[in-house]
Amino acid sequence: MTLTLRSIAKTFAGGTRALLPTDLQIEQGEIVSLLGPSGCGKTTLLRIIAGLETPDPGATVRFDGEDVTALPVEKRQVGMVFQSYALFPNMSVRKNIGYGLKMQNLPKAEIAARVEEVIALCRLEPYADRPVTALSGGQRQRVALARAVAPRPRLLLLDEPLSALDAALRGQLRDELALLLRSFGITAIFVTHDQDEAMAIADRVAVMSHGRVVQIGTPEALYRNPATAFVARFVGAAMPLGGRIEDDRLHLPGGALPLASATVGHQAFVRAEDVRLDPDGALAARVETVTFLGTHYRVALSGATEQPLFALHSGLSAPAPGDSVRLSIAPGAILTLPTEDRIA
Amino acid sequence: MRVAPPPDKDLISVTSRQFTLLCLLPLAIFTLAFLALPLVRLFLGSGAGETGWGIYLTILRTPRYLSTLAQTVGVSLAVTVAALAISTTAALFLVRNRFPGRDTLLAVLTLPLAFPGVVVGFMIILLGGRQGLVNQLLPGHVVFAYSIFGLFLGYLYFSIPRVLLTVMAAAEKIDPALEEAARSLGAPPHRIVIDVLLPALGPAMIAAGAIAFATAMGAFGTAFTLATDIDVLPMVIYTEFTLSANFAMASALSILLGLVTWGILLIGRSLSGGTVAAGG
Amino acid sequence: MLKSPAKLLQLLVTLLACAFLFVPTVQSVLAGVTANYFRGLSSGLTLKWIGEVWTLYSASIFLSIWIALACLVVTLIIGVPAAYALARNPGRLSRVLEEFISLPLAVPGLALALALLQLYGGYTEFRTSWAFILVGHVLYTLPFMLRAVLAVLAAIDLKTLEEGAASLGAGPARRFVDVVVPNALPGILAGALTVVTLSIGEFNLTWMLQTPFTKTLPVGLADSYASMRLEIASAYTLVFFVMIVPLLVAMQWATARAQRILQ
């Protein structure tokens, strides 16, 4: 299903503008993540798409061209996975999964067959007849997903589906969820504040900040070409270099760096993996701490920039704290971005 | 993936808002017909007598009504204090001690919860009536059931279980570490009661006290069974209505009594921060 | 356990309170099965008085049971949907409404009965039917049902559960039946037992509302206390205990269970 959003905005009672007018198009079969810090409007946008929240007048939500803006959630045929899962405690796993099919007044046999199919797909066979209150967090998450997809919704919506789980389980289920969503072949939108989660699962990521979509693109595009400083920081934790841009050079406390192109008034950013320990480098720095992370070292450096800079260093040995080192940053690795986040 | 066919149209297609209103409809009808309108009628009825709205002044000028009011408040206050003292003592004892028979004691203390005022009145007759236990055991003619003391005992009987349960619920929530901390700082037992336990139980005691007081003010069944000639407000209302057929005065006194009990409970609740209900 | 005199005093007060509450209860039970209470147990045990109670008052007992069940049905029909509506729309208006409905808990039954009598006393058909007493009982018990259900609904994440059901295609009425009611059951059960217990024992309102044709159990009790010999009054009280005590126990169990769910 193709989802088309036009001028979706939401002002809450009391005047808080949770969402500024937003346009978005999501294609059939696409998995899109709404990524942003808490309070950026991502959940509000998801709930408007679901029909759980009414947008400000003037908005339109279209499913395959059909205007569904005025339809309540129960008429929209969307599948929804809630942050708290919202499983019905008075029903078994099987009953939960079959509930949406029951609402479609399908024949009993057809319901049973579809429920079995989804249970198998989500590997829930051992728990099918348990009460949902007897399940672990990860199992509940899968039941919530199974329940949402069982009625073959036009669109699957997931609100922070992994945030109720502990960290170790979250990582494992993230990959599992990515696989499952692809196997459903369904158009899906999921909200998250975790960039790793968004990158791992989504085809496209819409980064949101202060009630608007700042940038939308594939994970690679966002990572390589962030449109704003906010996106650069939020996706891949780019570090601000500070300093002063003059013509095609960036002047820093530890030396000057060549830039790929001169763009005055922009801020320069770099990611830790692009900062190299290089005896011939242009920047002088002092090693503050060295953290061994298995595949590489994480080195904190002072003196080169106004704020501490980190470098990821691979190799068999690393410099010791207190050492003086030199750094190089390739001109192409320096991201020069608008300082103003309002430019989307 | 196949997309499901659109679900059947609801037989009665209603929005959530309409459904919510529908849910409130039976309540609204019942409350309007049998609570709001009768109360309005009661109020209007109180002003429909010979003296009109001056009836409320009449109450304040008639010594019999004033002494009734004083007597009712006096008994209710005495019951409140006694019930709080007895029930708080028992509640603390039952919460802090585990011993064989504790559950039985608790069951005995909460049993009268389901006794209506009439039955409580009968219990007092069995204790202090002409054929009562005390009269049988003690030499001489000791009959107190039909006196103001009997009424006091009846209300006390009614209130002890209610106050006990409220205070026990609060006492169970007190962190034992509070008391241990006080003891570790050298506080003697009576200081622990004053400085730690009573402040922690305060809200519950206020709530329970308000219930006890309001219930005693409005209690009718007990007084009726004891058939006393003691003037307490509910009995006066009853006689005004049934014997004197003075509907206006009965209504005015009812309004007065209702305002007092409702006010007491409201104050009790705002002081304790919880919800309380009189019942009975 | 009894290390200090303070403890001893506490125990003494507790035991005295127990005795005060329990001794007359036992007296009443014994008097109800004693051939002649004034001569004591030595006069022998008998079921004669209970038999007499049955011939004199069985109609009032059945009327009470009937009214209690009718009261339960009405409070369920009015109270459960209303509690849902109030839980879904928490706001000042809902609180004011709840407060108003709870007035019968604060205002003495006598006053409410007078109010009902003055407004509806003229409608003889209604006035003399058991429905008039039913109205009084519903008035008094409805707040208990409402609060018991509200407490449970406030403790579960009702909004999200309903959104879950709605996202699966359930309309408002389906959600109420499939999600709201099943999850409110512990509260409904506690409320139901409270309603029945209170209705069977209700006297203050009923005494004013009753007519010679509509005597309930407690009205009969008052009647027997005033005009029957002590043994019959006691036997009738015993019958009342037998009915009310199991209800009380069940009510306390259900309330404790509902509260456990709330935590």
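The chains referred to below are lettered A, B, ... by the order of the sequence lines, with proteins before strands, and numbering in each begins at 1.
- Between the CZ atom of A:Phe82 and the CG atom of C:Leu161 there is a distance of 9.0 Å, given to the nearest 0.5 Å.
- In this structure, OG on C:Ser167 lies 8.5 Å from CG on A:Leu157, to the nearest 0.5 angstrom.
- If you measure heavy-atom distances from A:Leu87 to chain C, the contacts under 4.5 Å come from the backbone alone.
- Residue C:Phe126 qualifies as enclosed at atom CZ: its count of foreign heavy atoms under 6.0 Å is above 12.
- Using a 4.5 Å heavy-atom cutoff, the side chains of C:Pro172 and A:Glu74 are in contact.
- Looking at heavy atoms from C-beta onward, C:Ile156 lies out of side-chain contact with A:Pro89 at the 4.5 angstrom threshold.
- Contact check on C:Glu163 versus A:Arg47 returns a salt bridge, with a Lys/Arg side-chain nitrogen under 4.0 Å from an Asp/Glu carboxylate oxygen.
- Here the straight-line distance linking atom NZ of A:Lys102 with atom CZ of C:Arg174 works out to 5.0 Å at 0.5 Å rounding.
- A distance-only check finds a donor-acceptor pair linking the side chain of A:Asn90 to the backbone of C:Asp178 [under 3.5 Å].
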Taking it one step at a time, do C:Leu168 and A:Phe88 satisfy side chain to side chain contact (heavy atoms under 4.5 Å, CB included)? CA-CA 12 Å; C:Leu168 294 164; A:Phe88 308 131; 4.2 Å; yes

